[in-house]
Structures are given as structure tokens and as C-alpha cells.
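Beneath this line is the structure, given in C-alpha cells, with notes to follow.
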Amino acid sequence: MRGDNLQLNEAGELRHFLSIEGLGREHLERILDIAESFAVLPGRQVKKVPLLRGRIVTNLFFENSTRTRTTFELAAKLLSADVINFNVSVSATSKGETLLDTLRNLEAMHSDLFVVRHAHSGAAHFIARHVAPGVSVINAGDGWHAHPTQAMLDMFTIRRHKGDFAPLRVAIVGDIQHSRVARSQIMALNTLGVTEVRIIGPCTLIPAEARSLGVHVYHDLDAGLEDVDVVIMLRLQRERMEGALLPSAHEYFQRYGLTEKRLERAKPDAIVMHPGPINRGVEMASEVADGPRSVILQQVSYGIAVRMAVMSMILGARGGEA
Ligand code: CP
């Protein structure tokens, strides 16, 4: 281990992928470069390669997912791994089996890699601390804490559209407080050296420690969108809110919903992103979500190549023969 960074082995290479925190620019650029090698084929995003033949990847999702679980499964299959989708709702977890006992049993089935989503912050780190030496963990979203592969597919999307990170101003809009995606994006954008990260939202949805994250805080959407290159909209995470942090959805849309008119404040070639799932008419209008500047579905597609890159790096099968 290097220092207390659980994610890196002695050689400074990825052993687990738990958060952007603790990784350097060279690690993030390596992920993006390897993802690029998987995403080059014209007419088809990726083709099947034998890099992980004989390896077993277990999707361990204790929380719902459409994009992340499915693209991890597809990415593992495109790398020729065998994939187990552990179905929590029909598992012995409902009979009182502990997380660690579940883990030990899945390890006994020879899993090489666990892809973990859990409602509790720190769950992926906990599992990474307890797996056998040859087993790795990827955090697919833990509570409010981190969603590092989402951040990396977002960085991949930005790099594909904008090239260099250095001149970019990026606005992240909405429920920052409860967003693991925003925390990971902010770290990745700052590590990759953008000019400015802005976070925009009502006081109740901006974390108290926001400025220590290296961002500029705006409460006025129009002001915050001025001259930005990238607009990232976030979902209101109502399932993680306690009490009345917000007015009605209608009022929220009036103040913070992205419309074509409001988007005129951003640069003419600004792109619009959203990690999904979208609440149409709450954080953004359909005309924007489906409009010419939206790259939302490209984010989903790029997630396959980025997750292939991370899995191939972690399991030691370097390269991209796509
Ligand atoms: N972006 C994201 O994490 O989506 P899912 O919840 O569908 O995986």
C-alpha cells in the first residue's frame, strides 16, 4: 500500500477504484486514454476483447440503478469476463445475513472484482478493507460520498467535446448537498486543471463546506451560467433529503430549471450534461434534455468504455485492442 491510499498498490497502480480523492492527474488521464482506446471504432462504440477471460465480476447493488449496473455488466462482458448480477431483493440478506458474510460467500465463488453500490457512504471502502488480497472493489456509488466512474465518464464526455480541460468553466447545478456525483465531479475537474468550477443552487442544497472544495458558489442560476463551457444538471435527491429543504417542484423549476432561454447565458457551444435519471420539468426542460446541446445519452454510451478501462486497469490487463 502507498501511504493510507487503499486504492493503489505498491507500484502506484489502481487496486480498487473507490473515489477520485487520492488519485493524481496521471491516474485520471490514464483512465481517459485507455477508455479512448476502447471507444474508437466508427459505427460501433466498442467490440469484444479477451482481456478479462476467466475473470469473474460480481455486480453487488444494494440500491437501484439503471445506467451504472447495466453498463458495468456490458463492459465486463465486452472484456470477456463472466458476470454475476447479485440480486439483493431475492438474496439471503433479507434473512439477516450480514454484508461481510455475503461477501465471504461471494468470494468463495471466486469473484475477482466486486462492483458495489450502497446507500451508506463508506460501504465500498468497508468492503475493500475486508476482501481477500487478490480481490478488488469498484465503488458504483455510496450514499452522498462518491461515484467515481460516473465522474470519469463525465470527464471523458467533456474531453471528447472540448479537448483541453485547462480553459474550461464548468457549472454544476442543483442538489449539490446530497450528490455523490457532484463531489466526484468537482474533484476530477480540479485534478484535471479546469479554470473554474461553479456550483449553483439554493442555500439549502449547497454544502456548508462548499468553498473548501475549490469551487465558486452561486445562488442565482442566470449569473452562474454566464460564459460557461459545460453545464451539468443534477437531480433533486429527494430520497436523501430530510425535512422541507425545498419549495414545490414547480417553484424549483422557476428558479433553477434549465430552459433554452437560460442556456443563452452560457457560451454558444456549451454542452449540457446530466448523470441521470432526469426529472423533466423539475431540473430541466425537455427542450434542453432532447436539444442539440444535450450530450446526456452520449454520457451513458461513454460509460461503457470508461468502465472497461477501469476494470482492465484494476485486473492488470492493460491496453485497448479495440
Ligand atoms: N448516473 C447513475 O448513477 O444512474 P443509475 O442510478 O441509473 O445507475
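Start at 1 and go down the list; that is how both ligands and their atoms are numbered.
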Might you work through the salt bridge (charged side-chain N to carboxylate O under 4.0 Å, His left out) test for Arg30 and Glu26, ending with a clear yes or no?
-> CA-CA 6 Å; Arg30 180 101 177 109; Glu26 69 281 7; over 6 Å; no
Heteroatom distance test (Pro277, ligand 1): nitrogen or oxygen, under 3.5 angstrom = no
To the nearest 0.5 Å, atom CD1 of Ile296 lies from atom CD1 of Ile232 at 11.0 Å
Atom 1 (N) of ligand 1 sits nearest the protein heavy atom Pro275 O, 2.8 Å
Salt bridge (Lys or Arg N to Asp or Glu O under 4.0 Å) with Asp229: which of Lys267, Lys162, Arg198?
-> Lys267
Ring-face cation contact, Phe72 with Arg307, 6.0 Å cut, 45° max | yes
Counting from 1, what ligand 1 atoms have a heavy atom of Gln150 closer than 4.0 Å?
-> 1 (N), 2 (C)
Is there a heavy atom of Glu63 sitting under 4.0 angstrom from any atom of ligand 1?
-> no
Could you tell me whether Thr68 and ligand 1 have an N or O pair separated by under 3.5 Å?
-> yes
Ligand-residue contact atoms, ligand 1 with Gly276, heavy atoms, under 4.0 Å = 1 (N), 2 (C), 4 (O)
By number and element, which atoms of ligand 1 are closer than 4.0 Å to a non-hydrogen atom of Thr66?
-> 5 (P), 7 (O), 8 (O)
Between Phe62 and His118, how do the two ring planes meet: parallel, tilted or perpendicular, split at 30° and 60°?
-> tilted
Nearest protein heavy atom with distance in Å, relative to atom 6 (O) of ligand 1 = Arg117 NH1, 2.9 Å
Rounded to the nearest 0.5 Å, how far does CD of Gln299 lie from OG of Ser294?
-> 7.5 Å
Do me a favour and list the nearest non-hydrogen protein atom to atom 4 (O) of ligand 1 with residue, atom name and distance?
-> Arg67 NE, 3.1 Å
Which value, rounded to the nearest 0.5 Å, describes the distance between Asp112 atom CG and Ser136 atom OG?
-> 8.5 Å
